[in-house]
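Throughout, a chain's letter reflects where its sequence line sits, starting with A, and its residues are numbered from 1. Worth saying up front: this structure is predicted, and the values here are computed from it rather than measured.
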Amino acid sequence: MKPAAAPSIQEILEPILLRYGGRPDLLLQILIAVQKKLSCVPPAAIAALAERLAIPLVRVQGVVSFYAFLSTEFQGDYAIYLSDNITDQMLGSRELAAHLCGKLGVSLGQVRADGRVSVRFTSCTGMCDQGPAGLINFRPVTRLTRDRMERIADLVNARVPMEDWPGELFQVETAMRRSDVVFRRPLKPGEGLRASLERGGEILSTWAEDLAPSDARKHHLERGGAETLKEIYKSGLRGRGGAGFKTGIKWQSVRGASDPERYVLCNADEGEPGTFKDRVLLTDYADMVFEGMTICGHAVGARKGILYVRQEYAYLEEHLEGVLARRREAGLLGENILDSALDFDIGIHFGAGAYICGMESAMIKSIEGRRGIPRQRWPLPVHHGYRRKPTVVNNVETFAAAAVISARGGEWYARNGTAESSGTKLFCVSGDCERPGIYEYPWGVTVREVLRDCGALEAQGVQVGGPSGTLINAGDFDREISFEDLSSVGTMMVFAKQRDLFDAVRNYAQFFRHESCGLCTSCRIGTTLLANYVEKFAKGYGSPVDLEEMQGIGQIMKTMSHCGLGQTASLHISDSIAKFPSIWAGRMRTTEFIPAFDLDGALAEARSLTGRTDADAHLPHPVPQEA
Amino acid sequence: MTNAFHLDGLEVPFQEGQTILQAALAAGRYIPHLCWHPDLGPHGSCRLCTVVISGRPFSSCTQPAMKGQAVACRTPELNGMRKAIMQMLFVEGNHHCPSCEKSGNCRLQATAYDLGMQDSHFPHQFPKRERDMSHPDVFLDRDRCIRCERCVRASRIYDGKDVFGVHGRGMHSTLAVNSPSGLLADSQIAPEDRSIQACPTGALMAKRVGFVVPIGERVYDREPISVLELRKYAAEEVHHG
Ligand SMILES: Cc1cc2nc3c(=O)[nH]c(=O)nc-3n(C[C@H](O)[C@H](O)[C@H](O)COP(=O)(O)O)c2cc1C
Ligand code: SF4
Ligand code: FES
């Protein structure tokens with residue numbers, strides 16, 4: 001692979017460092033570039049970067065080891081990651097992975113001896129409506145079938161460069177299945193921004209008597225921003241990223257801050273398995289999202305915005321940069337936006353595989369080039385956010401809604417939805433239904449309506465809001481999706497009657513164990529203990545005592561954990577015990593306690609050391625085996 | 001003294017900028033804690049100091065005290081969860097108190113006793129972690145590390161060395177040493193460093209001093225940590241914040 005003339009580490013790092021201005025706070029972006037170039041971040045590169053950026057070696061290593069898509073070991077010329085969400089699994093991803101590995105002659109999680117390729121699983125890649133999906137050298141592949149796997153294997157074996165692969169493998173669909181008042185008539189670029197600036201009113205000639213022209217323009221800008229903020233208040237808009245915090249209040253806190261240096265961050269981490277609306281927005285409605293950020297900049301007095309995008313969506317980079325460039329040309333971004341005194345620009349940062357980086361303060365740390373560990377809860381980002389400056393963090397969909405509110409007015413927006421949940425919401429529907437995809441509904445729609453529209457006639461349960469949300473059974477299908485009732489980031493994973501929901505629960509438990517950042521005791525250890533208990537049931541060793549244990553651990557995680565991850569990472573366990581008790585009862589062979597410790601398994605090492613393979617070297621199985 | 005909040009029904013005065021934990025300790029009220037250190041500030045990771053305010057849990061080491069707040073702390077429910085947190089820490093690592101050099105001087109052990117922990121309750125995880133004996137005067141036994149990052153902070157703030165960091169994520173996160181080989185021998189650590197004193201367990205210790213004071217006569221052998229801590233704060237009259 002590497003002939004003698006291969007460029008040295010220094011030669012590889014130079015252009016990358018140049019591109020990022022040698023800024024230590026861009027460490028993560030630099031590491032991503034190295035990973036993509038070399039299919040790893042070798043220890044020599046880590047050492048060189050530590051020196052060049054003047055960051056302690058241990059910290060650079062800490063960043064590399066934190067993110068799932070960075071690795072010190074070579075991942076092969078073709079690094080293949082297969083999405084491991086339950087919806088992928090239900091579409092046969094596990095069998096397909098085995099098939100691909102067979103065709104490639106590689107074991108899962110390992111690099112082929114010739115260094116050509118590796119195949120491993122990764123958390124949901126946000127393509128649940130077109131799975132099974134995956135990433136090959138960070139380009140998404142969708143609708144995987146046996147046939148596609150074979151073609152991929154052939155391309156890899158023949159060493160065809162990625163640029164020459166057939167485009168259909170990488171096709172990603174974004175069409176909305178249903179649109180409502182917002183997306184039936186999406187905004188034109190500049191529509192919301194113009195409205196926001198026009199709220200400043202005419203620049204009156206009478207001002208000119210008291211104010212210098214530049215002050216008059218500033219005054220105009222201030223007034224417009226304040227008026228737009230009023231519209232956001234009137235709209236009742238609440239954050240679409242999960243917690244449902246009132247956007248008006250958040251923006252007001254930053255607007256009212258004494259520090260003039262402020263930031264607007266857009267959260268496109270979209271790590272919640274089963275969620276893919278932000279991908280669709282960034283693909284087809286990027287203008288609306290950037291416009292919402294710019295309007296926010298106007299309302300809160302910020303001059304700089306950052307869009308933080310998960311690595312799974314990095315394939316959108318060129319497209320997004322293109323939209324930004326177009327907006328700059330059109331005077332919608334940059335200095336003196338639409339000839340006003342408004343200056344605002346937007347940059348893009350990427351994540352590198354970490355669900356926790358969707359948590360706002362972890363995202364800030366990630367943008368600052370560090371491990372994505374949440375900060376202390378106090379002070380809040382609106383006071384001490386990015387670079388310790390007042391910062392708005394909102395979800396992609398929240399910004400798109402803000403742009404619409406600016407264009408059409410807060411009252412108009414609030415006419416839709418319910419009393420406490422105004423406007424419309426994008427739903428990500430996947431799993432067992434005929435028409436998976438994105439649906440726009442006013443808040444307050446019932447689960448049953450959504451199931452009907454997407455053609456899920458045989459549903460036994462729905463995971464609403466992703467693994468951190470709520471698992472419901474048919475008895476709850478008449479409940480409404482709203483902050484008053486079933487709150488959700490819009491995710492709905494549907495499970496038909498023939499499914500064993502235990503598989504979903506097991507998938508979530510493994511997901512949380514994998515994604516816990518490790519900061520706090522209850523989440524770090526709790527997610528592992530829970531996943532182990534689930535495995536105990538999977539093997540048929542479960543008992544009622546274990547169910548009680550799991551609920552107790554869940555309660556501790558909910559109360560004691562530092563952030564939303566740990567606080568919600570046990571809900572799927574308690575929900576499934578309450579709503580689908582049979583999936584647990586069916587895995588108990590006894591009503592007594594059985595130790596999880598597998599005595600016979602523990603003797604495996606001794607057996608292999610002594611070369612014993614005979615039956616007498618095994619202990620009798622503690623659980624009566626069925627024929 | 002107009003600034004005050006209620007801790008389990010009793011009034012606790014505080015100064016502007018103090019956290020609930022700081023104010024409570026200064027007022028002679030003990031809240032269990034491990035990762036917080038008066039000179040290193042809060043870390044918010046061990047979660048032992050969790051209290052409930054208006055039905056919502058907060059770590060008291062990071063939460064600023066606010067006037068009139070009703071803070072619930074030593075409730076049976078929270079104490080039970082604190083004990084469970086300790087049990088989790090014990091099963092996560094490989095702790096062998098009876099033979100540990102730190103026994104009796106160990107905050108982890110002392111806090112566990114103080115919270116009435118008598119068994120480890122949860123299944124042991126038996127992790128395989130690396131031990132670093134490379135340095136002539138200092139050792140690092142990761143089996144006993146609870147990732148409180150007190151050493152990380154002390155090394156940065158007081159020793160000005162950045163000897164430590166954390167690698168990995170979740171249960172796979174480990175304490176790492178800042179040196180080309182990743183070993184203590186190649187690092188800038190010295191046996192008198194604050195980072196070593198900051199370790200609440202037997203993970204990071206100076207060599208050959210472990211048994212200078214016999215077991216049975218060590219700090220927490222004589223007095224429970226909750227009593228000793230309060231006396232210490234009263235004597236020092238520490239001002240925090
Ligand atoms: C573990 C975790 C993951 C999160 N992931 C996301 C995410 O991917 N996207 C998002 O917008 N918010 C996410 N959030 C919520 C953010 O912390 C934050 O509340 C949100 O971005 C604020 O924007 P909003 O008010 O517009 O919803 C996450 C929170 C937690 C605890
Ligand atoms: S709850 Fe989990 S993810 Fe959040 S800080 Fe604690 S360990 Fe990290
Ligand atoms: S002392 Fe507060 S979380 Fe550890």
Side-chain angles (χ1 to χ4, degrees), chain A residues 43 47 50 55-68 353-354 356 371-379 512-529 531-533 536 546 549 552-553 555-563 566-567 595-597 602, chain B residues 19 34-35 41-48 50 52 56-59 61-64 77-78 80-82 84-93 121-126 146-149 152 156 161-180 182 187:
Chain A
I55 304 174
L57 179 67
V58 75
R59 250 189 259 169
V60 183
Q61 293 164 333
V63 173
V64 174
S65 61
F66 185 83
Y67 294 94
I356 187 61
R371 293 160 59 81
I373 303 277
R375 284 203 198 147
Q376 284 151 34
R377 202 140 48 151
W378 195 266
F512 287 120
R513 174 178 56 186
H514 179 65
E515 297 294 348
S516 168
C517 84
L519 174 75
C520 69
T521 313
S522 43
C523 172
R524 179 180 75 229
I525 305 169
T527 51
T528 293
L529 292 176
N532 289 349
Y533 274 115
K536 189 176 173 185
D546 296 323
E549 269 304 305
I553 293 167
Q555 204 54 45
I556 292 161
M557 291 166 67
K558 226 165 122 176
T559 308
M560 306 301 265
S561 295
H562 173 63
C563 86
Q567 288 159 9
F597 183 67
Chain B
T19 60
L34 268 178
C35 63
H43 190 240
S45 63
C46 77
R47 312 309 294 168
L48 272 190
T50 302
V52 171
R56 285 187 63 197
F58 295 89
S59 50
C61 66
T62 59
Q63 197 61 19
E77 203 190 1
L78 280 173
M81 294 206 187
R82 289 189 185 106
I85 289 276
M86 293 306 299
Q87 289 166 324
M88 285 186 178
L89 287 172
F90 272 89
V91 300
E92 183 197 28
H121 185 85
F122 301 113
H124 278 275
Q125 301 300 304
F126 303 115
I146 58 168
R147 260 92 100 238
C148 62
E149 294 187 42
V152 178
R156 184 168 59 233
K161 290 182 181 176
D162 263 318
V163 170
F164 299 101
V166 176
H167 286 176
R169 177 165 101 187
M171 276 288 264
H172 300 295
S173 57
T174 51
L175 188 71
V177 174
N178 192 28
S179 73
S187 77

Sort [X] into side chain, backbone, both or neither according to what part of it lies under 4.5 angstrom from a heavy atom of chain B.
X	result
A/R524	both
A/I556	both
A/A50	neither
A/T527	neither

A/R375, A/R377, A/R59: which one forms the most heavy-atom pairs within less than 4.5 Å of chain B?
A/R377
Interface check, chain B: of A/S522, A/A47, A/G526, A/P43, most non-hydrogen pairs under 4.5 Å belong to A/S522
Any side-chain to backbone donor/acceptor pair from [X] onto [Y]? Under 3.5 Å, distance only.
X	Y	value
A/H562	A/T521	no
B/H121	B/M88	no
B/E149	B/H43	no
A/R371	A/G62	yes

Where does [X] contact chain A at under 4.5 Å (heavy atoms): side chain, backbone, both or neither?
X	answer
B/S173	side chain
B/Q125	side chain
B/F58	both
B/T19	neither

To the nearest 0.5 Å, atom CZ of B/R147 lies from atom OG1 of B/T174 at 7.5 Å
Calculate, to the nearest 0.5 Å, the distance between atoms CD1 and CG belonging to B/I85 and B/L78 respectively.
10.5 Å
Count the heavy-atom pairs under 4.5 Å between each of [options] and chain A, then report the option with the highest count.
options	value
B/G165, B/G170, B/C46	B/G170
B/T50, B/L48, B/V163	B/T50
B/A176, B/S59, B/P64	B/P64
B/R82, B/Q63, B/R169	B/R169

Could you walk me through whether A/K536 and A/E549 pass the salt bridge (Lys or Arg N to Asp or Glu O under 4.0 Å) check?
CA-CA 12 Å; A/K536 189 176 173 185; A/E549 269 304 305; over 6 Å; no
State, to 0.1 Å, how close A/F66 and A/I356 come at their nearest heavy-atom pair, and which atoms those are.
CZ-CG2, 3.7 Å
Taking all atoms of both residues into account, what is the closest heavy-atom pair of A/G372 and A/Y67, and its distance?
N-OH, 3.4 Å
